[in-house]
There are 2 protein chains.
Amino acid sequence: MTIRIVRTVAELRATLEPHRAGRIGFVPTMGALHEGHLSLLRAAGAENTTVVLSLFVNPTQFGDAADLEAYPRTEEADIASAAHVGTHVVFAPSAAEMYPAGFATTVSVDGALTATLEGAVRGRSHFDGVATVVAKLLLAVQPDRAYFGAKDAQQVVVVRRMVTDLRIPVEIVACPTSRDADGLARSSRNARLSAEERTLAAAVPRSLRAAQDAFASGIRDPHRLTALVHEGLAHAGLDQEYVEIVDADSLEPLTDIARPALLALAVRVGQVRLIDNVVLDPGVDDRIVLERSTA
Amino acid sequence: MTIRIVRTVAELRATLEPHRAGRIGFVPTMGALHEGHLSLLRAAGAENTTVVLSLFVNPTQFGDAADLEAYPRTEEADIASAAHVGTHVVFAPSAAEMYPAGFATTVSVDGALTATLEGAVRGRSHFDGVATVVAKLLLAVQPDRAYFGAKDAQQVVVVRRMVTDLRIPVEIVACPTSRDADGLARSSRNARLSAEERTLAAAVPRSLRAAQDAFASGIRDPHRLTALVHEGLAHAGLDQEYVEIVDADSLEPLTDIARPALLALAVRVGQVRLIDNVVLDPGVDDRIVLERSTA
């Protein structure tokens with residue numbers, strides 16, 4: 001099957017109609033595809049008969065116009081990569097197709113899920129933008145399963161909440177964060193790092209790994225674990241926005257880690273904002289593998 | 001086919017699965033069914049193979065706890081009436097089924113659509129409650145068509161906007177307001193009017209009809225038309241919340257009626273709040289029929 005590019009919801013629905021007897025797997029992205037996205041497309045291909053990718057740089061989830069402007073757009077290369085891993089349909093709408101004149105609807109998720117971490121830094125409107133565009137994409141594609149990367153851990157929690165609350169009939173699948181050999185989480189923003197910044201950025205996975213090691217050795221106090229991360233990031237001179245340990249489901253602050261916790265952080269390396277996270281689960285040892293790990 | 005009562009979304013979906021080859025028509029209600037609701041169920045029956053009714057007094061769209069408390073609940077009689085007009089499935093969930101612990105999602109429609117008329121009096125949270133519950137119900141039932149009464153004109157506009165914006169795959173059908181012989185729009189709240197209040201309430205359709213007559217005679221100035229309504233309502237001593245003429249689609253204020261306009265009002269008769277409206281369309285004469293009309 002040749003890969004099919006569609007620009008409107010009407011075309012998308014007509015294209016998918018004959019495929020609804022099988023299972024449709026959907027990977028929503030903002031394009032600038034990297035190995036992390038491709039791993040989501042492969043996961044979708046392994047579990048479904050039809051794979052749909054969306055490419056849409058959603059303006060409503062950017063608080064900062066410069067960040068939106070700088071976001072990489074590489075559609076031709078994205079389509080070639082997607083075709084290579086067996087994607088069947090690419091939905092690449094214009095902003096006018098997604099937000100036509102008169103558009104007035106917002107889907108919001110309230111409470112700790114959106115007030116903390118990224119919500120605290122980027123403002124709640126960031127997750128309003130995410131929840132609204134994901135709801136629209138899920139209702140446009142109507143997939144059986146939708147795939148998200150664990151790097152955007154809070155996004156996964158917010159999307160799951162929204163899907164459960166609104167009863168959108170889809171299974172949300174979170175796939176492990178894809179990492180380069182030095183442990184850095186793959187991100188479309190990494191392309192904007194200079195060689196020197198890239199070396200500094202490797203302190204992010206190293207610091208998270210240090211906290212994982214301490215956790216594996218029995219340390220359960222969130223303050224001691226975040227202190228290790230702060231120290232590792234400071235050592236590389238990175239500008240820290242937050243380093244927090246919260247309940248992995250409710251995103252509420254924790255005083256002790258008796259159940260799965262999310263250790264999440266955001267830093268700035270030069271002009272580039274990076275986020276990363278690991279789950280600290282008393283039952284599972286899932287440490288980041290680092291190229292030159294001393295462990 | 002016997003009427004089937006279901007209490008959960010899971011039961012509902014399982015029940016509807018075999019009917020998806022045909023067309024599903026859906027009538028969402030807060031129960032206390034009257035002839036207006038039955039006319040919606042009949043319209044759904046005429047155009048679809050399966051008719052689904054929901055009965056759910058949605059707490060999130062009531063600003064006033066006393067109003068919520070006083071809202072009539074007559075489930076057994078509702079099911080009997082619905083069965084009589086050929087309803088196949090009744091979805092009557094509990095509040096806990098619709099809003100389980102941890103529920104955190106709101107669907108909002110912004111701008112003039114929700115800031116004016118009912119939104120101005122009841123607060124924007126009223127339409128947040130409406131948009132959220134209607135989105136949930138539409139996604140739970142997944143009907144081909146959903147039927148709403150024109151009496152709640154603003155609700156129809158808000159629901160259409162939300163369905164268009166989120167790309168919910170359903171056709172929204174607005175049915176004409178059902179009226180008693182004296183012209184009073186049928187409403188579950190009418191049951192709470194005393195005989196004397198009921199007589200006073202007939203000033204509502206009489207006043208709207210007076211404005212329709214003036215409009216038909218060529219008067220296009222919204223102020224002159226609303227003045228007629230104010231006068232008619234004042235003559236009956238009714239407590240007026242608003243009487244407004246707005247664009248029928250955008251709900252923006254008008255200075256002249258060159259395209260379809262909505263003349264909408266809310267009054268209080270004793271403890272009971274009533275709303276009503278007519279469309280003033282330069283192309284269509286659709287005047288309310290009154291029992292003792294002198295026209």
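Labels below follow one simple rule: chain letters A, B, ... track the order of the sequence lines, proteins then strands, and each chain is numbered from 1. Because the structure is predicted, anything quoted here is derived from the model rather than measured. Worth knowing before you read on, the calculation uses all heavy atoms, side chains too, and leaves out hydrogens, waters and symmetry mates.
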Value rounded to 0.5 Å, distance of [atom1] in [X] from [atom2] in [Y]:
| X | Y | atom1 | atom2 | value |
| --- | --- | --- | --- | --- |
| Thr106(A) | Leu166(B) | OG1 | CG | 9.0 Å |
| Arg167(A) | Met98(B) | CZ | CE | 7.5 Å |
| Ile168(A) | Lys136(B) | CD1 | NZ | 10.5 Å |

If we define contacts as heavy-atom pairs under 4.5 Å, which of Gly102(A), Pro100(A), Ala104(A) has the most with chain B? Ala104(A)

For Arg161(B) and Ala101(A), the nearest pair of non-hydrogen atoms, with its separation, is NH2-O, 4.0 Å

I'd like to know whether CZ of Arg124(B) has more than 12 heavy-atom contacts from other residues, nucleotides or ligands below 6.0 angstrom.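 Correct, the count exceeds 12.
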
Decide if atom CZ of Arg220(B) counts as having more than 12 heavy atoms of other residues, nucleotides or ligands within a radius under 6.0 Å.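 Yes.
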
Between Ala135(B), Ala140(B), Pro169(B), Gly111(B), the one whose heavy-atom pairs under 4.5 Å with chain A are most numerous: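 Among Ala135(B), Ala140(B), Pro169(B), Gly111(B), the one with the most close pairs to chain A is Pro169(B).
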
Can you find a heavy atom in the side chain of Leu139(B) that is under 4.5 Å from one in the side chain of Leu139(A)?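 In short, these two side chains touch, coming nearer than 4.5 Å.
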
